[in-house]
Amino acid sequence: MTYNFKEIMNKKERLAPGHRMCAGCGGTIAVRNILRGLRDQDQAVITCATSCLEVSTFMYPHTAWQDSFIHNTFENAAATCSGVQAAYEVLRKKGRVDGTYKFIAFGGDGGTYDIGLQSLSAAMERNHDMVYVCYDNGAYMNTGIQRSSATPLYADTTTSPVGKLSKGKPQYRKDLTAIMVEHNIPYVAQTTLFRNMRDIHEKAARAIYTPGAAFLNVMAPCPRGWVYETADIMEICRLAVDTCYWPLFEVIEGQWVLNYKPTNKLPVEEFLKKQGRFKHLFKKGNEQLIEHFQAEVDKRWRVLLERCGS
Amino acid sequence: MTDIIPFARLMQGNEAIAEGALAAGARFFAGYPITPSTEIAEILAKKLPLVGGKFIQMEDELSSMAAVIGASLTGSKSMTATSGPGFSLKQENLGFAVLTEVPCVVVNVQRFGASTGIPTATAQGDIMQARWGTHGDHPMIALCPSSVQESFTLTIQAFNLSERFRTPVILLSEEITGHSRERVILPDPSKIEIINRKKPAAGIEKYLPYKPDADGIPPMANFGEGYRYHVTGLTHDQSGSPTTDAEKASFLTNRLHDKIMDHLDEITMTESFMTEDADVIVIAYGAVARAAKGAVRKARDMGIKAGLFRPITIWPFPAKETASMCAQAGSIIVPELNLGQLIGEVEKVAGKENRIIGINRVTGGMIRPDEILDAIKSEVRVKKHAK
């Protein structure tokens with residue numbers, strides 16, 4: 001099917017306006033664009049881990065969700081989705097349900113990289129016909145910006161606070177996308193809100209309509225945790241991709257494909273300097289921290305290029 | 001500015017818990033952010049490294065509790081903090097800590113409802129979970145602060161009890177106390193009583209990690225001090241080796257129970273307010289006890305002989321003290337921010353002639369003093385009619 005931007009953007013919103021997510025929140029934009037991957041005639045069951053997305057999208061007496069929605073406690077989105085999907089399979093075989101249902105689980109990086117990793121890993125290994133979408137904003141934003149294993153090196157969070165001795169989070173971020181690839185599932189992709197959204201639209205549609213388990217890791221900036229002007233979100237996402245901090249790639253049946261290679265790879269400080277959580281890196285005397293950060297980005301980029309044969 | 005008391009500070013309840021932990025000598029915290037307890041983790045993330053301690057943010061509550069147990073085995077006084085949903089996840093390792101007799105403190109800043117509930121609303125819904133949340137017969141000590149000041153002192157007390165009795169101690173705070181700001185008077189650190197775990201007297205060769213002294217509590221060697229011993233959640237004998245022997249299994253289960261129940265005089269803390277001549281006694285704990293105290297004062301102003309009895313140690317339940325309250329007063333009023341949890345313990349020890357009335361609120365809000373006062377007044381009316 002050819003990609004038609006106008007057609008996709010004219011689709012009815014399946015996460016309707018009126019929810020209480022913040023202005024400039026990447027999570028909301030990610031979810032809206034992923035749901036555009038659904039065909040209009042198909043229905044979806046959404047499961048959602050505890051997160052900003054959960055608390056802010058169905059506040060009594062309203063719901064923003066146009067599809068069935070289950071919120072379960074933090075670590076259970078993938079397992080709950082597994083149950084619904086497995087039962088649906090039985091009902092479908094018996095001819096007890098009409099129409100096509102698709103199953104999508106959403107979790108933040110806290111609910112995905114950390115507490116929910118066990119249930120996610122198991123759901124993917126069982127190869128349920130579902131998509132797990134991680135909207136990765138790199139910290140526990142819902143409880144007030146505590147570090148997660150997705151938080152990048154040196155980021156300032158309330159549990160990796162910058163101070164006289166501390167330079168922010170001392171550890172590297174976990175490469176969850178690669179971990180999911182190792183599950184040998186039919187489809188894994190990494191994306192973000194890049195330019196006109198074509199990348200996320202195409203990956204969402206592919207993930208949803210690939211039979212079996214699929215995983216999407218979407219970098220979704222958070223204005224409160226990353227500390228940026230809300231209008232800058234698209235620019236920050238672009239810089240994440242153009243600095244190769246957050247490369248766009250997909251792994252189809254084990255084949256790594258690089259979706260975008262910047263013609264001019266920018267230095268990572270272009271991405272870092274837009275965000276208050278990295279402010280301390282630009283103080284005099286901290287130059288080596290940026291160099292260190294750059295070296296890690298370069299190392300991961302080289303590995304990715306190798307995997308993609310680029 | 002001479003009238004300012006030294007060391008008096010305006011503090012949030014959760015901050016007082018963090019300060020209490022530091023004052024008690026806690027040097028290890030492992031936790032996972034959860035409203036309304038997160039401030040405890042955030043404060044200790046900043047302060048523990050400054051005193052040579054360690055803060056680790058874990059990937060969930062199961063692992064937080066496990067890390068706390070591991071750290072305590074090395075001799076470090078260790079703590080974690082959470083709220084209802086996280087407390088549920090900690091139950092497995094809480095049971096492990098009871099059976100393996102590893103001292104530690106678990107703070108639960110209670111929030112409203114089952115499951116996710118209302119994360120920002122207050123409640124007292126975890127009273128029974130604190131007692132029976134983990135499976136099998138086991139003892140449990142839980143303390144319940146009703147002010148910011150007490151959040152500080154009871155945290156120290158929780159550490160002392162856990163070290164003294166080699167057992168996890170639960171501090172059951174509530175959202176409203178955790179997020180209230182009040183003046184706290186910080187004692188001179190040299191005047192704070194600190195209890196440390198009993199070290200083995202016998203040599204390394206003779207050490208049996210679960211051989212109790214006369215008081216039922218085995219001395220505890222720290223990992224890294226030359227002792228080699230096994231720690232397991234399997235039922236074990238005095239050497240720590242797993243056993244299915246009926247006598248040994250029974251001995252261990254009973255000893256764990258008795259080491260707590262034989263020392264209630266050291267564990268039980270209560271407050272009695274105007275109970276000496278009271279006809280109506282309110283039994284309340286935590287933040288609700290403050291509304292109850294207000295109600296009792298108002299009742300006294302009206303000439304009604306009302307009193308307040310407050311269990312500070314909620315588990316083991318102060319049964320003897322409650323029984324004597326029941327023996328004295330005809331009517332007992334038990335206000336709780338749940339559908340009636342501690343009232344069952346009161347009913348167990350009450351006499352047939354006692355009238356036990358619950359006031360239960362499950363709205364996420366507080367019980368007002370006036371509501372308790374109304375209940376006191378209607379008990380007085382009932383008595384008049386009875387005459």
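Nothing here was measured: the structure is a model prediction, and the numbers come from that model. A note on names: the letters A, B, ... follow the listed sequences, proteins ahead of strands, and every chain is numbered from 1.
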Which distance, rounded to the nearest 0.5 Å, do you find between the CD of B:E174 and the CG of B:L337?
6.5 Å

To the nearest 0.5 angstrom, please state how far the CD1 atom of A:I179 sits from the CG atom of A:L120.
9.5 Å

With a 4.5 angstrom heavy-atom cut-off, could you sort out which part of B:L44 is near chain A: side chain, backbone, both or neither?
neither

Qualifying residues under side-chain hydrogen bond (donor to acceptor under 3.5 Å, both in side chains), relative to B:R361, sequence neighbours excluded
B:E371

Considering residues, nucleotides and ligands other than B:L10, do more than 12 of their heavy atoms fall under 6.0 Å from its CG?
yes

Residue list, ring-ring contact (aromatic ring centres under 6.0 Å, His included) with A:F282, at least two apart or on another chain:
none

Taking the six-membered ring for Trp, is the centroid-to-centroid distance between A:F293 and A:F278 below 6.0 Å?
yes

Hey, which of A:I115, A:L165, A:V55 has the most heavy atom pairs under 4.5 Å with chain B?
A:I115

Quick one: donor-acceptor pairs between chain B and chain A, under 3.5 Å, side chains and backbone, table format.
unit_1, atom_1, unit_2, atom_2, d
B:E42, OE2, A:Q146, NE2, 2.7
B:E42, OE2, A:T158, OG1, 2.8
B:Q57, OE1, A:T159, OG1, 2.4
B:Q57, NE2, A:R147, O, 2.3
B:E59, O, A:I115, N, 3.2

Using the test side chain to side chain contact (heavy atoms under 4.5 Å, CB included), find all partners of B:A21 that sit at least two apart in sequence or belong to another chain.
B:A26, B:M79, B:T155, B:F159

